[in-house]
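Take a look at the structure below.
Within every chain, numbering begins at 1; the chains are lettered A, B, ... in the order of the sequence lines, protein sequences first and strands thereafter. Treat the numbers as computed from the prediction; the structure is a model and nothing was measured.
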2 protein chains.
Amino acid sequence: METQRTSGDRRIEAVVKTLDVLEALWRAEGAGVTAVTERTGLAKSTVHAHLRTLRSKGYVVQEGDEYRLSLRFLSFGEYVKHAEPLYEAAATPSADLSDRTGERVLCSTEQHGLGTIIQARDGNRSVTSDIDVGTPTYLHCSAGGKVMLAHFDDEKVERIVDDWGLPAFTEETITDRETLFEELESIRDAGIAYNRSEYVPGISAIGAPIMDNDETVYGAIAVSGPQHRLENEWDVDELRNQLLSAANTIEVNLMFS
Amino acid sequence: METQRTSGDRRIEAVVKTLDVLEALWRAEGAGVTAVTERTGLAKSTVHAHLRTLRSKGYVVQEGDEYRLSLRFLSFGEYVKHAEPLYEAAATPSADLSDRTGERVLCSTEQHGLGTIIQARDGNRSVTSDIDVGTPTYLHCSAGGKVMLAHFDDEKVERIVDDWGLPAFTEETITDRETLFEELESIRDAGIAYNRSEYVPGISAIGAPIMDNDETVYGAIAVSGPQHRLENEWDVDELRNQLLSAANTIEVNLMFS
DNA sequence: TAAAGTTGTTCCGCTCGATTGAACGCAGTG
DNA sequence: CACTGCGTTCAATCGAGCGGAACAACTTTA
């Protein structure tokens, strides 16, 4: 997960390495020294030194020969969650929408070019997904992500694409800039965005923006479900209205926080 | 938050400093360079270099002149939360208990000598508290903490006290080892632990252990409320039974996970 | 309006420490 | 008993983390 390095980017290598180690532990959901070594490309002794340091500060726990992220990250995680206004503001509207539609509702916001799911609510027939609260997501291949991109200024979109590229996840993923910008244009016109199996095959979604005022976009809310159900069973106008209504409720909530 | 450094503790200074910076940002709930400098005692340029590195890796966001922890920590936090079996296992029993008692229910576990709240449920009349999910807590001054200490072997308790000391928070806090060990003895006999305003004045609690099998303690569940209510209004035997019942339910849940 | 005091940021040299390959101890295994 | 996997330790060296001082962009004060 490399990202935005602008001009004067003299970085502290040891810090970069430690973060890589933490990220490897996270991805692997716990791992031994050699597993981390393979994932990071660092020397085994280096990894060991970092793990030892992280352990001594309580950020990593060792159980037998396996290292895992410690509960220290729980305090950080809960803090950033509650510090994000969208979390409270979107709680009930998201739950209502998933109740009404029976589908999975995801509420996300953008940070340094990636989306992060802030709220995830399951409906009574929603499909399970590996996307959950906290999951970082690419913006170009999700309904919520595209709807946010559509309301950023072009240079910001350019910068994000420069930083993260347009990796393909399915056949449908948009992988070139021109198509993306055309799509963003039509999203601005329509007021909502579609994700047609662009990230996970067979999973589609519809997303609406959450605007701060009428100028800047704060985040997005999206209904996600099996492609056939969203395309065939659903009354698109009805769903669109419910989505926009939920988004609007969140916007109002945001004004009182 | 220094902690367990055992024998060969050659630590990576740069990593220690970065973690201190992150912790300062967390405590301050966002801060500028100089504020972090004051909290950490590092040089301003050093803090700046660390913040720049953390930002470039997406762990910190900069808004104007203020740096904050990024949503990156949300993924870590959600991961460790769900990786902890107690989180799922304690969800409904904790909610039930807070419904029944109307008081705040806290479920915690131990890691590197500190407790961490895994579940926090409010009852219909529970007092607000700065203790919430993710909050690290000293073990010697909380009901849940003491009940865990009571089921650790003595050497582990000694080590924890060595590492963290017995800082006083109120007049009632236990601050010497002898009293602590006597208390732990009586907790083992009684099967439950009391916190009589030992951490926050006027707030008391009753805690029960969550045992893995009949040998090792996995965590603790506690009911917390205003001292006078828990001491006067409540039928202690009744509360004790409800507590132990909830703990037992959690233990059963843990066996199927 | 200018001066004085903030802040965040950059620069650069010094030396201290992060890094790594190799060696070690200790398991399990054929 | 050799062999292979692991986590851990060690020592040497070269690179990079560090902090003082200077700078820039502000706001506050006289």
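Spacing between atom CG of A:Leu51 and atom C1' of D:dT8 amounts to 12 Å, rounded to whole angstrom units. Across the protein-nucleic acid pair, A:Lys17 atom NZ and C:dG17 atom C1' stand 12 Å apart, rounded to whole Å. For B:His50 and C:dA18, the NE2 to C1' distance is 13 Å, given to the nearest whole Å. For B:His48 and D:dA22, the NE2 to C1' distance is 14 Å, given to the nearest whole Å. Between A:Arg52 atom CZ and C:dT20 atom P there is a gap of 14 Å when expressed in whole angstrom units. Here D:dA16 presents its P atom at 12 Å from CD1 of A:Ile12, a figure rounded to the nearest Å. Note: CG (A:Leu42) to P (C:dG21) measures 11 Å, nearest angstrom. Here the P atom of nucleotide D:dG17 and the CZ atom of B:Arg11 are 18 Å apart, to the nearest Å.
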Pair up each side-chain donor or acceptor in residues 140-152 of chain B with any protein partner under 3.5 Å, not counting sequence neighbours, and list the distances.
residue	atom	partner	partner atom	Å
B:His140	NE2	B:Pro167	O	2.8
B:Ser142	OG	B:Tyr138	O	3.4
B:Ser142	OG	B:Gly145	N	3.0
B:Lys146	NZ	B:Glu183	OE2	2.8
B:Lys146	NZ	B:Tyr194	O	2.7
B:Lys146	NZ	B:Glu198	OE1	2.8
B:Lys146	NZ	B:Glu198	OE2	2.9
B:His151	ND1	B:Val147	O	2.9

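Here the nucleotide nearest the side chain of B:Ala14, chosen from D:dG17, D:dG19, D:dG7, is D:dG17. For A:Glu13, the side-chain atoms get nearest to D:dA16 when compared with the rest of D:dC18, D:dA16, D:dT8.
Classified by interplanar angle (parallel below 30°, tilted 30° to 60°, perpendicular above 60°), the ring pair A:Trp164/A:His112 is tilted. Using bins of under 30°, 30° to 60° and over 60° for the plane-to-plane angle, the ring pair B:Phe76/B:Tyr59 lands in the tilted bin.
Panel note: side chain B:Thr46, backbone B:Leu42; no donor-acceptor pair is recorded below 3.5 Å. With A:Glu110 contributing its side chain and A:Gly115 its backbone, the two residues share no donor-acceptor pair below 3.5 Å.
Under 4.0 Å is where a charged nitrogen must lie from a carboxylate oxygen, and between A:Glu158 and A:Arg177 at least one such pair does.
Residue contacts for A:Gln62: at a heavy-atom cut-off of 4.0 Å it reaches the sugar-phosphate backbone alone, with no base atom in range. At a threshold of 4.0 angstrom between heavy atoms, the contacts of B:Thr34 are confined to the sugar-phosphate backbone, with no base atom among them. Heavy atoms of B:Lys44 sit under 4.0 angstrom from at least one base atom.
Across all non-hydrogen atoms, the minimal contact from B:Ile117 to B:Ile131 is CG1-CG2, 3.7 Å.
Taking side-chain N and O atoms only, B:Tyr67 has a distance below 4.0 Å to OP1 or OP2 of C:dT9. Residue A:Ser45 places none of its side-chain N or O atoms closer than 4.0 Å to OP1 or OP2 of C:dT19.
In terms of position along DNA chain C, the nucleotide closest to B:Ala35 lies nearer the 5' end than the nucleotide closest to the other residue of the pair B:Ala35 and A:Val15.
Two end axes, each from the C1' atoms of five base pairs, can be drawn for the helix from C:dT1-D:dA30 to C:dG30-D:dC1; they diverge by 30°, to 10 degrees.
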